[in-house]
4 protein chains.
Amino acid sequence: MARKPTASASATSEVESKSARTRQRILDAAAHVLSVKGFAGTRLSDVAEFAQLQAPAIYYYFSSREDLIEEVMFCGISDMRSHLQEALDALPDGTSPLDRIMTAVEAHLRHELELSDYATASIRNSGQIPEHLRSRERKESAAYGRIWQRLFDDAAADGEMRADLDPRIVQGLVLGALNWAAEWWDPRRGSLDSIVANAQGLVRSGITPVAAASARRKRAPRAST
Amino acid sequence: MARKPTASASATSEVESKSARTRQRILDAAAHVLSVKGFAGTRLSDVAEFAQLQAPAIYYYFSSREDLIEEVMFCGISDMRSHLQEALDALPDGTSPLDRIMTAVEAHLRHELELSDYATASIRNSGQIPEHLRSRERKESAAYGRIWQRLFDDAAADGEMRADLDPRIVQGLVLGALNWAAEWWDPRRGSLDSIVANAQGLVRSGITPVAAASARRKRAPRAST
Amino acid sequence: MARKPTASASATSEVESKSARTRQRILDAAAHVLSVKGFAGTRLSDVAEFAQLQAPAIYYYFSSREDLIEEVMFCGISDMRSHLQEALDALPDGTSPLDRIMTAVEAHLRHELELSDYATASIRNSGQIPEHLRSRERKESAAYGRIWQRLFDDAAADGEMRADLDPRIVQGLVLGALNWAAEWWDPRRGSLDSIVANAQGLVRSGITPVAAASARRKRAPRAST
Amino acid sequence: MARKPTASASATSEVESKSARTRQRILDAAAHVLSVKGFAGTRLSDVAEFAQLQAPAIYYYFSSREDLIEEVMFCGISDMRSHLQEALDALPDGTSPLDRIMTAVEAHLRHELELSDYATASIRNSGQIPEHLRSRERKESAAYGRIWQRLFDDAAADGEMRADLDPRIVQGLVLGALNWAAEWWDPRRGSLDSIVANAQGLVRSGITPVAAASARRKRAPRAST
DNA sequence: GATGAATGAGCATTCATTCAT
DNA sequence: GATGAATGAATGCTCATTCAT
């Protein structure tokens, strides 16, 4: 289900028809161009070049440029959401809200920075795309936001978040810190692990009440890969 | 505060000629459109409409679309930098690094969210703009980054930042949290003061060593691989 | 009456008002630009720059770009015609048709190459200018042609032109040779006198019947200056 | 005779692809418009109309308006040169310099007046076109001039040109007479043969020394058709 | 008389899209 | 399935022209 710009094979459909693979190549190319050039700057000719075919061939798989972009945007957020959901589902029952947030932080960062094209395309262009292309994306985006909302609400309810913090605002700030990482993180100048660790550390102690901080603190759960 | 016609800082933006005001109107309009539509999506006709004149009139003040956009980008980061620098300069000698960071967080957020067009234009498009339009902007941007670098380095040197945090990564995450605020903050659904307070709280306790923070707080857990 | 691009003062109006001089400067500039850039390539801004004023100032003297160009074209051919007519009128009665042609050749060449802007503007653009701008110019042009026609017809009638030559065609060829001189003649690489002498020699012996050619041949009369 | 797509001489212009024919149609149309309207006045929409397609279609074959015009200019002079060269090469060894000049006069005139668009485009616009579009054309043009130079130099060396004539100046005047013919010659008012004959007669006796002139004069060689 | 400021018409060029092959 | 060829709808930019000062 997941569309991946790199070469990682999604478990579900090993052997796809040639047609499906071409379609995928176009989507991947579009995600890449979209993430770099932005909505208005994404030309079909560039997408085609990246996908190694001629521009008119795109119309065999997508009915229009907008249709193609819409799908990229949807996939970007949709894949992100399922990736996060899977990571959270994999946690043992009874995992504390704060630890669940740690897992979410890691999942978001890894997905964004490892498979960045779709995610960054989706992230960077959410404000530039015409409304009528965002109905599916908006739904997913809202759902994705709700997952995080729940995480912070639970943390607040369990007394794992300081009372002077507003869960909604904190959520915005934390997601911003994570989303923005794609803008500056350079894999050659620092491991992904280190940025994950720093983000988790920053968020954990940024959120945790003073007393609570020393009280618990077992160990961060391993999230998904 | 004033955005300069070329690069000369006009200290008093009180009585400017009508011509200068028209030029300013065009710049403001361009910043607005640029922040919403992105580099490739910024049409001169839209800018003109926003500035209440005809598109060709823009050429009386700017030699090309690129020239106009280049100046918006430069002003965005340049104004931000001088705003931050002024705020820091206004602090009394001996202010602790951490407190200086708090001031910087507030300055960045207020500038971004109050005059958001230039800042968001600059922020959102830094990755979409062709390199040859970025020479001035890049210089300012680097200088701006260096101010923040010093802040975090000083905090680390003074023992106000936990040893497990990498100052560079923390800087990226914090600035990301602040930059992204323009994407989600809605002035109608929360005061600017509250977002400033939350950001400061999050950063302060996110950074501060356990001992200093409240006397305990050991170390952030190692998360993933 | 004659408009001259260089500094030669026309005898008639020594002291002209400042206004008239500005108008003249504009005409001269237009002639220059027109001769180099052609009709469509003649921009009022270029004319203005050459005349050392701002483009809108031209409208104080000419009602439109077309009007200005029309006058340049008219002056070009009109001055040429009066110059030729004066040279011919200055010849003593009884001058042979062939000698009159020699005078005409010299007059045409000197006018074209010494005061070249108007003449070359007129010559080069006669084919590029819209018909509705050519009514005055066409009349003058026809009159100019008729002078030459008479010269060749007289030469033919007097037996000074070989019978195998068609006076009309010869006229076209001779005027072509003269007109084209502006395209290649470089004052730094050959005197005006030498080109005049060569042209006269070529035309004289090119036209003259064999017997007559060796029979006479006094000397080419010096025409005007 | 064939105008080549790029610069490769396609000897047999029999069966060209439809694409090549469209390209040729555009070139022909451009030559026509260029010869009538001049460089600055040549609009792609006019060229397109003449070629019976829409203006943007031109970009499928030429990368820019300048590129198209550059090729027209190059083809104009290049075709002229090869046409002249072929005519001269076809002459039997031992043909006198003067007779070779007669052949050249005929070749130039026929090419210019029969395929006038390219030739007149090239001739009329050589002074109006920006330098950077003239590198190829200038080379050909110089080569063309050198052919004529040799002709006149040889004539002078063989004593077939009067000593009072300067070969360079005569060359300029003769070529001018021929080039200008396109400006006034009307096929409906005189045969091409008659203008060729008149030009040859004029040049022959215009150049030939007096003694020689009456001595010989056998027959003007009929050159090409 | 002359200029700064602005406009409207027009042109080169780009690009998504179509269609016959 | 895919492409060469072509088109129509923009969009940046130029330039003659106007007008208030």
Above 12 or not: heavy atoms from other molecules or residues under 6.0 Å from CD of E66(D)?
yes
State, yes or no, whether a side-chain contact exists between I26(D) and L53(D) at a heavy-atom distance under 4.5 Å.
yes
Nearest-Å distance, CD (E49(B)) to C1' (dT7(E))?
16 Å
Nearest-Å distance, CG (L53(C)) to C1' (dG4(E))?
15 Å
Short side-chain N/O contact to dG1(F) OP1/OP2 from T22(A), under 4.0 Å
no
In whole Å, I'd like the distance from the CD1 atom of I58(D) to the P atom of dT7(F).
10 Å
Step by step, would you call R138(C) with E131(C) a salt bridge (charged side-chain N to carboxylate O under 4.0 Å, His left out)?
CA-CA 9 Å; R138(C) 197 169 24 227; E131(C) 278 306 310; 2.2 Å; yes
All stems that DNA chain F takes part in, i.e. 3 or more consecutive Watson-Crick or G-U pairs with distances under 3.5 Å, are E:2-21 with F:2-21
Tabulate below the donor-acceptor pairs under 3.5 Å that side-chain atoms of residues 121-128 of chain C make, not counting sequence neighbours, or state none.
unit_1, atom_1, unit_2, atom_2, d
R124(C), NE, E183(C), OE2, 2.7
R124(C), NH1, S35(C), O, 2.7
R124(C), NH2, E183(C), OE1, 3.4
N125(C), OD1, F39(C), N, 2.9
N125(C), ND2, L34(C), O, 3.1
N125(C), ND2, A121(C), O, 2.9
S126(C), OG, I123(C), O, 3.4

Heavy-atom side-chain contact between F62(B) and I69(B) under 4.5 Å:
no
Take nucleotides 14-21 of chain E nucleotide by nucleotide from the 5' end and write B, S or -, depending on whether a protein heavy atom sits under 4.0 Å from the base, only from the sugar-phosphate, or from neither.
BSSBB---
Measure from NZ or CZ of R23(A) to the centre of the six-membered ring of Y61(A) and say whether it is under 6.0 Å with the direction within 45° of the ring axis.
no
Taking CD1 from I69(B) and C1' from dT11(F), how many angstroms apart are they, rounded to a whole number?
13 Å
Would you say Q54(C) reaches dA2(E)'s phosphate, i.e. side-chain N/O to OP1/OP2 under 4.0 Å?
no
OP1, OP2 of dA5(E) versus side-chain N and O of Y60(B): anything below 4.0 Å?
yes
For the pair R136(A) and M73(A), evaluate side-chain contact (heavy atoms from CB on, under 4.5 Å) and give the outcome as yes or no after the intermediate values.
CA-CA 9 Å; R136(A) 277 204 302 166; M73(A) 293 294 288; over 6 Å; no
Can a side chain N or O of Y61(C) be found less than 4.0 Å away from OP1 or OP2 on dA2(E)?
yes
NZ of K37(C) versus C1' of dC15(F): gap in Å, rounded?
13 Å
Whole-Å distance separating the CZ atom of F62(D) from the P atom of dA12(E):
15 Å
Could you tell me whether the side chain of L44(A) reaches within less than 4.5 Å of the side chain of L68(A), counting heavy atoms only?
yes
Stepwise side-chain contact (heavy atoms from CB on, under 4.5 Å) check, S19(B) with T22(B)
CA-CA 5 Å; S19(B) 176; T22(B) 303; 5.7 Å; no
Nearest whole Å is fine: how far is dA5(E) C1' from K18(B) NZ?
7 Å
Gap between atoms CG and C1', on L68(C) and dC15(F) respectively (whole Å):
15 Å
